[in-house]
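The next block holds one structure in the form of structure tokens; read it before the comments.
In this chain, residues are counted from 1 in sequence order. Numbering of ligands and ligand atoms starts at 1, following listing order.
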Amino acid sequence: MYLLIIGPPGAGKGTQAEMLCKKYNISQLATGDILRKNVNEETYLGKLAKSYMSAGKLVPDELMITMIKEEILDPKYSNGFILDGFPRNLSQADALCDLLNERDIFLEKVFVLIVPNEIIIERLSGRRICRSCNRTYHVKYNPPPNNGECDCGKSDIFQRDDDKVDTVVHRLDVYDKQTSPLIEYYRKKNKVVEIDGTQDLKKVFEIITDSLK
Ligand code: AP5
């Protein structure tokens, strides 16, 4: 099963993608996570991407398209994937379309999470992430268990640099201008399922899974 999830920063893409991977035994292909790993490991890609990411800007298309072409070859995606964070503009969407056609992969659905900006800002300022397993929490809605220790057993929970309010506002602007046109792009392909992402995360998950029955 091949899926795509779109939405503004903090809409819950990563949260839902993680739940979908468990249910359908597929893998999450999250470009933001791959980039952050490269930044932490100070790879060539990570050094190039770092300044764009911390400013809330998109990393240049040529880097992202090269990265996705290599990543998609990983055997862990052979059972299916959910794309989270790619594509982020129309030129990435065209590149993805070519890549999927070459591999005879058919995108089943494109989920679009809709969440107003003021809720996004509250969510992202409360978001915490486990550096070891990448699991996402929210201090109020989905707090880390065991006094700040992640379920994976490590106590390495941190806040992302780009979750500062000013950077979040810029990321929202980038989403409106560059990413939101993708909704119409995939609507024309009859793939889109729009979901009110302000609902409880279990309810959002139920709507997504019902649409896949
Ligand atoms: P990326 O990591 O993809 O960030 P993003 O799209 O901005 O999305 P987030 O990960 O911030 O949010 P999310 O929607 O996954 O929300 P989450 O589930 O965590 O990208 C980071 C940067 O990398 C970009 O700015 C760019 O520089 C670069 N980049 C990445 N891909 C690129 C590309 N293709 N091209 C160019 N550059 C690229 O949830 C957020 C919080 O809300 C959590 O705390 C969660 O617990 C909580 N929450 C979730 N759902 C609910 C709910 N229903 N109710 C209440 N709380 C909820």
In the structure I gave you, are the side-chain heavy atoms of [X] and [Y] within less than 4.5 Å of one another anywhere?
X	Y	result
Arg135	Ile129	no
Arg171	Thr167	yes
Leu124	Asp162	no
Asp151	Pro145	yes
Leu4	Lys109	no
Cys150	Ser132	no

Leu3 vs Phe111, test: side-chain contact (heavy atoms from CB on, under 4.5 Å). Steps then yes/no. CA-CA 8 Å; Leu3 306 168; Phe111 301 106; 4.0 Å; yes
If we only consider heavy atoms of [X], is any one of them less than 4.0 Å away from an atom in ligand 1?
X	result
Arg160	yes
Gly126	no
Glu18	no
Gly197	yes

For [atom], the option (of [options]) bearing the nearest heavy atom:
atom	options	result
atom 29 (N) of ligand 1	Thr31, Leu35, Asp162	Leu35
atom 1 (P) of ligand 1	Arg88, Arg135, Lys13	Arg88
atom 9 (P) of ligand 1	Arg127, Lys203, Met53, Lys140	Arg127

May I ask you to check whether [X] has an N/O atom sitting below 3.5 Å from an N/O atom of ligand 1?
X	result
Pro87	no
Gly56	no
Arg171	yes

Between Pro8 and ligand 1, find which residue part has any heavy-atom pair under 4.0 Å and reply side chain, backbone, both or neither.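 Backbone only; the side chain of Pro8 stays clear of ligand 1.
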Looking at [atom], what's its closest protein heavy atom, distance included?
atom	result
atom 26 (C) of ligand 1	Lys57 O, 3.4 Å
atom 46 (O) of ligand 1	His138 CB, 3.5 Å
atom 43 (C) of ligand 1	Thr136 CG2, 3.5 Å
atom 16 (O) of ligand 1	Gly12 N, 3.2 Å
atom 53 (N) of ligand 1	Gln199 O, 2.8 Å
atom 42 (O) of ligand 1	Arg123 CD, 3.3 Å
atom 37 (N) of ligand 1	Val59 N, 3.0 Å
atom 12 (O) of ligand 1	Gly10 N, 2.9 Å

Which residue is it: Thr15, Leu83, Ile82? I am looking for the one with a side-chain contact (heavy atoms from CB on, under 4.5 Å) to Ile5.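 Only match with Ile5 under side-chain contact (heavy atoms from CB on, under 4.5 Å): Ile82.
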Closer than 4.0 Å to some heavy atom of [X] - which atoms of ligand 1 meet that?
X	result
Gly14	13 (P), 15 (O), 18 (O)
Gln92	33 (C), 34 (N), 35 (N), 36 (C)
Gly85	31 (N), 32 (C), 33 (C), 34 (N)
Tyr137	43 (C), 44 (O), 46 (O)
Arg36	2 (O), 21 (C)
Thr15	17 (P), 18 (O), 39 (O), 45 (C), 49 (C)

Please check: side-chain N/O of Gln199 versus main-chain N/O of Asp196, any donor-acceptor pairing under 3.5 Å? yes
Donor-acceptor side-chain pairing of [X] and [Y] below 3.5 angstrom:
X	Y	value
Glu122	Tyr141	yes
Ser91	Asp61	yes
Tyr185	Asn89	no

Walk me through it: do Glu108 and Lys191 pass the test salt bridge (Lys or Arg N to Asp or Glu O under 4.0 Å)? CA-CA 7 Å; Glu108 200 137 331; Lys191 303 272 184 200; over 6 Å; no
Mind running salt bridge (Lys or Arg N to Asp or Glu O under 4.0 Å) on Asp200 and Lys202 for me, showing each step along the way? CA-CA 5 Å; Asp200 179 81; Lys202 289 192 184 116; 5.5 Å; no
Chi angles and distances behind the ring-ring contact (aromatic ring centres under 6.0 Å, His included) call for Phe81, Tyr2: CA-CA 5 Å; Phe81 56 61; Tyr2 296 91; 4.8 Å; yes
